[in-house]
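What you are looking at is a predicted structure, and each value in this text was computed from that prediction instead of being measured.
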Amino acid sequence: MPRQYPAEHTRDIGIIAHISAGKTTTSTCILYHTGKVHKIGTLEKGTTPLDWMVQSQERAMTIMAAATTCYWKTEEGDYQINIIDTPGHIDFTAEVQRSLRVLDGAVVVFDGGAGVQSQSETVWHQADQFKVPRICFINKMDKVGADLEINLDSIWKRLTPNAIPIQLPIGKEGQFSGVIDLLKMKAFKFEGTEGEIIKEEEIPEDMKEEAQKWRKKIMEKIAAEDHGLLEKYLGGEELSAEELRKGLRKAVISCNLFPILFGSLFKRIGVQPLIDAIIYYLPNPIELPPIKGTDPKTGQEIERKPEDSEPFSALAFKIMTDPYVGTLTFFRVYSGCLKRGSYVLNSVTGEKERIGRILRMHADERQELEEAFAGDILATVGLKNTSTGNTLCDENNPIILEKIIFPEPVISIKIEPKTKADQEKMGTALKKLAEEDPTFKIKSDMETGETIISGMGELHLEIITDRMKREFSFEGNVGRPQVAYKETIKEESEAEGKYIRQSGGRGQYGHVWLKIEPKEKGKGFEFINEIKGGTIPQEFIPAVEKGVKEALDKGVVAGYPLVDISVTLYDGSFHEVDSSEMAFKIAGSMALQSAVKKAKPIILEPIMKLEVVVPEEFFGEVIGDLSSRRGRIEETKDRLQMKVIDAKVPLAEMFGYATSVRSLTEGRGIFTMEFSNYEEVPQSVSQEIVEGKRK
């Protein structure tokens, strides 16, 4: 079956932004104008096509990234746009991260009345990390306080000086009525119930001078990125709209420039020019460099070109439980073709998987396909052993694509079933939800036998427990949120671990010497084997490492996991008859525990990056409240009529903060919070944590 749309006419894009900037409305308006849906709907009423989850509809926010496909006609032909709409709340940052990993371009939506907000910065830097070309769309230009200069200034200062407006808004705040295209030098007005009638007009007289000034600026910026255009421009020649468009496309694809467009989704202004900009400026799969990976046999770097003729390779970037079809695996095809019914290799697990069905998703609806091609973002059903970040590839040409690294959870709760039947439901639910979400972790407390679940924030865990009740009919008790503390060491130390048991017959003998050293923050655990001359036989060394790893799960100060530590095995002894793997595992564990006790162990706590936006009259009270929560104020600034406070605060002090902010500011203050880093807990607090843990 041939391709319906050539790769040159395909775009894989994501919509990313701060919470409430208008991502889902942007996606929905695009779907409406491309004819994919016949009504726009609103998040508040739960009628948008992409927020199909009950939890999304109840909270009027996107929780899970949704994939969809639509089609758009331009002068050059028909185009296919694959869209992923992502959540804005920081608790679901993994959804944004894994989406950006597989996308070729992104539309970053901003709230015209607020400019760059904290989560806008986070998603922008995530896109920088994956080198994703971007278009900026400033929504809500009809809002009170929406100002061209303030919005541009906040993007230039906080994100990049290389963003350039290719449109100007006509009218301010409530008078906002259309946009001026600075490449064509024409004004566009939008009429009809959903802004579907576009009227091209001459630029209003009072804006001609400003439009000329901005056009000159963007001509300079675009020409500076292209040698041929620069010569022409310096020679005094006028650059045509077509030349500027081609030059800008090249600069956007190489992430050197970021075009800015304006609109109001509430007034339905600016949607069609945004869709045109997606086609004109964001790359197709062929324009990106070949994807790099490693050969699982040799470990050498290899690459795959984004062409149908190359061997098949795809990245599974998302697992989702569908009540009707079972487990859906979303994948992005980087090279080659995939036929329904064929077998592929999961190069990470080394197992074969059969592709029974290939599905094109539209939120929770499915369209069956016979074949997948390079550049497609599709889903399949029933893969047995594939998880997020695994590579699917041609068995004869294996490749492992770069994995997606997710942040560690920072908050935990205890969960227990009410009955024996709920015990089984809980096991099934937790297994399925953990497969879906790489930032959701489950563990059992060995001492108490309790099940502890961990996630990125209070809302994240609230949604998980809500889904367990609704989707898996689980009834149980949920504990209070607890902070995911960690432990580490501040000094080097050495210790001996000796495990000897005689029990009339064959005994147990394991003996090791370990040296431990602190590592840099975030560098994790490292095990170094320095055994020379066979003082410990080679076959027992993995057992020592295993024992050390098990001991790391339980620190010595308050029983929290140990991190950022290097362990060197440098000496020991063995018994010809009595030595066993079990004995060396226990000896390794004992040695680590006693070495940590001598190495000044400390507790680490998660520190959150906080942005609070409050009216000026409540500024003092909010600052005072943050100081009482051990907060460090990093910066305060003005944003329109509000004061913005940037602070770093321990997560332990932030439970129930939403209620405090509301009561301190008469309900007018808002805040966003995201994980920043781990830091040492002050001695007095450390004492409280240890005592609390013992209770």
Full working for side chain to side chain contact (heavy atoms under 4.5 Å, CB included) between Lys585 and Glu550: CA-CA 9 Å; Lys585 186 177 139 186; Glu550 281 183 14; 3.1 Å; yes
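- Summarising the geometry of Val116 relative to Glu121, their closest heavy-atom pair is CG1-CG, 3.9 Å, with the distance given to 0.1 Å.
- Counting heavy atoms from C-beta on, the side chains of Ile413 and Thr465 come closer than 4.5 Å.
- Judged purely by atom type and a 3.5 angstrom limit, Asn346 has no side-chain atom pairing as donor or acceptor with the backbone of Asn390.
- Counting non-hydrogen atoms of other residues, nucleotides and ligands closer than 6.0 Å to CD of Gln300 gives a total of 12 or fewer.
- Look at Lys490 and Glu680 and you find a salt bridge, because one of the NZ, NE, NH1 or NH2 atoms lies within 4.0 Å of a carboxylate O, short of that distance.
- Residues Gln508 and Asp578 form no side-chain contact, since every pair of their non-hydrogen atoms from C-beta on lies 4.5 Å or further apart.
- Each of Lys515, Lys597, Lys600 was evaluated against Glu491; a single residue qualifies, Lys600, per the salt bridge (charged side-chain N to carboxylate O under 4.0 Å, His left out) test.
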Evaluate side chain to side chain donor-acceptor pair (under 3.5 Å) for Arg158 paired with Ser120, printing each intermediate quantity in order. CA-CA 10 Å; Arg158 294 180 68 177; Ser120 321; over 6 Å; no
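- You'll find the side chain of Leu430 reaches within 4.5 Å of the side chain of Met468, heavy atoms only.
- Contact record, Phe655 with Arg629: O-NH1, 4.2 Å, taken as the closest heavy-atom pair.
- Taking both residues in full, the closest heavy atoms of Gly389 and Leu315 are given as O-CD1, 3.7 Å, listed atom of the first, atom of the second, then distance.
- Looking at Arg632 and Glu679, a side-chain N of the basic residue comes within less than 4.0 Å of a carboxylate O on the acidic one, giving a salt bridge.
- Aromatic ring centroids of Phe540 and Phe574 lie 6.0 Å or more apart.
- Applying the 6.0 Å contact sphere to NZ of Lys297 captures no more than 12 heavy atoms from other residues, nucleotides or ligands.
- In this structure, Ile453 and Ile464 approach most closely via the heavy-atom pair CD1-CG2, 4.4 Å.
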Stepwise side chain to side chain contact (heavy atoms under 4.5 Å, CB included) test for Thr636 and Phe619: CA-CA 10 Å; Thr636 62; Phe619 183 63; 3.6 Å; yes
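- Classification of the Trp124-Phe110 ring pair by plane angle, with boundaries at 30° and 60°, yields tilted.
- Salt-bridge check for Asp564 with Lys486: failed, with every basic side-chain N at 4.0 Å or more from each acidic carboxylate O.
- Between Tyr560 and Leu604, every side-chain heavy-atom pair lies at or beyond the 4.5 Å cut-off.
- Aromatic ring orientation, Tyr570 versus Trp513: tilted (interplanar angle from 30° to 60°).
- Considering every non-hydrogen atom in both Leu592 and Leu552, the closest pair reads CD2-CD2, 3.8 Å.
- Contact annotation: the side chain of Val690 approaches that of Ile603 to within less than 4.5 Å [non-hydrogen atoms, C-beta and beyond].
- No donor-acceptor pair closer than 3.5 Å links the side chain of Ser412 to the backbone N or O of Ala484.
- In summary, Glu435 and Lys431 engage in a salt bridge, as defined by a charged side-chain N under 4.0 Å from a carboxylate O.
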